[in-house]
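A short worksheet on the structure shown next.
All values reported here derive from a predicted model rather than from experimental measurement.
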Amino acid sequence: MLIEALYPLHIRRPSGDLRLAKGDSVELEAGEAQKLLEMAPGKVKVVEKVIVEPAVKPDGAPLSRIYWQTSDGRILGPATPEFFLQDGDAFWISATFKGQIWFILDSRLRSKKLFETQRPLLGAELIRERNEPKGPTSQDMKRSKQGGRK
């Protein structure tokens, strides 16, 4: 199990002492790692291993192009996946789109059909100040009914 020191530590153990600086990682057997986690809570943590693999078909050919939805609702693409990444329970796809590298969470993937049928996002109107009238006031309406008299 991979353990990371959150603070500088001196760990005494039968197989030899370990000195870890903040941010150092060490691979320990599961039992030894669990004991260290119990004895030094908040001073060490388990490091989830990140798995990175090239995104290619078994014959080495590139995968089909992908489309994904951004946080503002736009669907972007097409882009060819370059790498698959797994970080704990999260799965990501790395792709280059318009000269920039994007890391796309698997749940954000969308179909080509959705990409082609998306409606363009429209700009919003400016919100008026609260004190600024939105139209004719009730007094203006009364005046127009009375023939413009004050």
Side-chain angles (χ1 to χ4, degrees), residues 1-140:
M1 184 181 298
L2 191 61
I3 301 292
E4 179 183 339
L6 302 175
Y7 297 92
L9 289 176
H10 178 194
I11 303 164
R12 293 190 177 107
R13 52 191 205 145
S15 60
D17 289 3
L18 280 176
R19 290 188 184 270
L20 300 173
K22 180 180 178 180
D24 284 353
S25 298
V26 62
E27 186 73 38
L28 299 173
E29 292 182 21
E32 191 176 10
Q34 192 59 44
K35 184 177 178 182
L36 179 58
L37 288 166
E38 291 169 4
M39 293 181 70
K43 295 182 180 180
V44 293
K45 70 175 185 175
V46 176
V47 177
E48 297 290 332
K49 293 183 181 179
V50 177
I51 300 168
V52 180
E53 296 178 357
V56 293
K57 293 180 182 175
D59 64 1
L63 294 176
S64 300
R65 298 182 300 177
I66 60 169
Y67 301 85
W68 67 97
Q69 186 171 8
T70 63
S71 59
D72 64 3
R74 295 177 299 150
I75 299 175
L76 300 180
T80 303
E82 296 172 6
F83 294 97
F84 293 129
L85 299 92
Q86 181 181 355
D87 183 11
D89 293 335
F91 293 92
W92 299 81
I93 297 128
S94 168
T96 302
F97 178 68
K98 293 187 177 180
Q100 294 182 344
I101 298 173
W102 287 72
F103 291 92
I104 304 150
L105 194 57
D106 65 338
S107 62
R108 307 298 291 177
L109 292 174
R110 299 296 180 259
S111 69
K112 182 178 181 180
K113 182 177 180 180
L114 280 176
F115 171 75
E116 292 171 343
T117 59
Q118 71 180 318
R119 287 189 248 152
L121 295 177
L122 303 175
E125 290 184 29
L126 294 175
I127 299 173
R128 297 179 184 194
E129 294 291 328
R130 286 188 176 184
N131 298 334
E132 185 180 329
K134 296 178 183 174
T137 63
S138 58
Q139 291 177 351
D140 293 337

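Side-chain contact between Pro78 and Ile66 is absent, with no heavy atoms from C-beta onward closer than 4.5 Å. With a 4.5 Å cut-off on side-chain heavy atoms, Leu6 and Lys22 do not count as touching.
The CG atom of Leu76 sits 5.0 Å away from the CH2 atom of Trp102 when rounded to the nearest 0.5 Å. Atoms CD and CE, from Glu29 and Met1 in turn, are 11.0 Å apart once rounded to the nearest 0.5 Å. The CD atom of Gln69 sits 12.5 Å away from the CD1 atom of Ile104 when rounded to the nearest 0.5 Å. Glu48 contributes atom CD, which lies 12.0 Å from atom CD of Glu4 (distance to the nearest 0.5 angstrom). Residue Arg19 holds its CZ atom at 12.5 Å from CG of Asp24, rounded to the nearest 0.5 Å. Distance check, rounded to the nearest 0.5 Å: CG of Leu20 to CG of Leu36 gives 8.0 Å.
Within a 6.0 Å sphere centred on CZ of Arg65, other residues, nucleotides and ligands contribute 12 heavy atoms or fewer. In the displayed structure, Leu114 atom CG is contacted under 6.0 Å by more than 12 heavy atoms of other residues, nucleotides or ligands. Within a 6.0 Å sphere centred on CG of Asp89, heavy atoms belonging to other residues, nucleotides or ligands number 12 at most.
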Worked verdict on Leu37 versus Val44 for side-chain contact (heavy atoms from CB on, under 4.5 Å): CA-CA 6 Å; Leu37 288 166; Val44 293; 3.7 Å; yes

Take Ile51 and Glu53, measure what side-chain contact (heavy atoms from CB on, under 4.5 Å) needs, and give me the verdict at the end. CA-CA 7 Å; Ile51 300 168; Glu53 296 178 357; 4.0 Å; yes

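Pairing each heavy atom of Leu9 with each of Lys43, the nearest pair is CD1-O, 4.0 Å. In this structure, Thr80 and Leu63 approach most closely via the heavy-atom pair CG2-O, 3.8 Å. Across all their heavy atoms, Trp68 and Ala79 have their closest contact at CZ3-CB, 3.7 Å. Nearest heavy-atom pair across Arg110 and Ser107 is NH1-O, 3.0 Å. Of all heavy-atom pairs spanning Ala21 and Ala5, the tightest one is O-CB, 3.6 Å. For the pair Leu28 and Ile3, the tightest heavy-atom approach, listed with the atom from each and the gap, is CD1-CG1, 4.1 Å.
Aromatic ring pairs are classed by plane angle as parallel below 30°, tilted from 30° to 60° and perpendicular above 60°; the pair Tyr67 and Phe115 is tilted.
At least one donor-acceptor pair closer than 3.5 Å links the side chain of Arg108 to the backbone N or O of Thr70.
Using a 4.0 Å cut-off between charged side-chain N and carboxylate O, Arg74 and Asp72 make a salt bridge.
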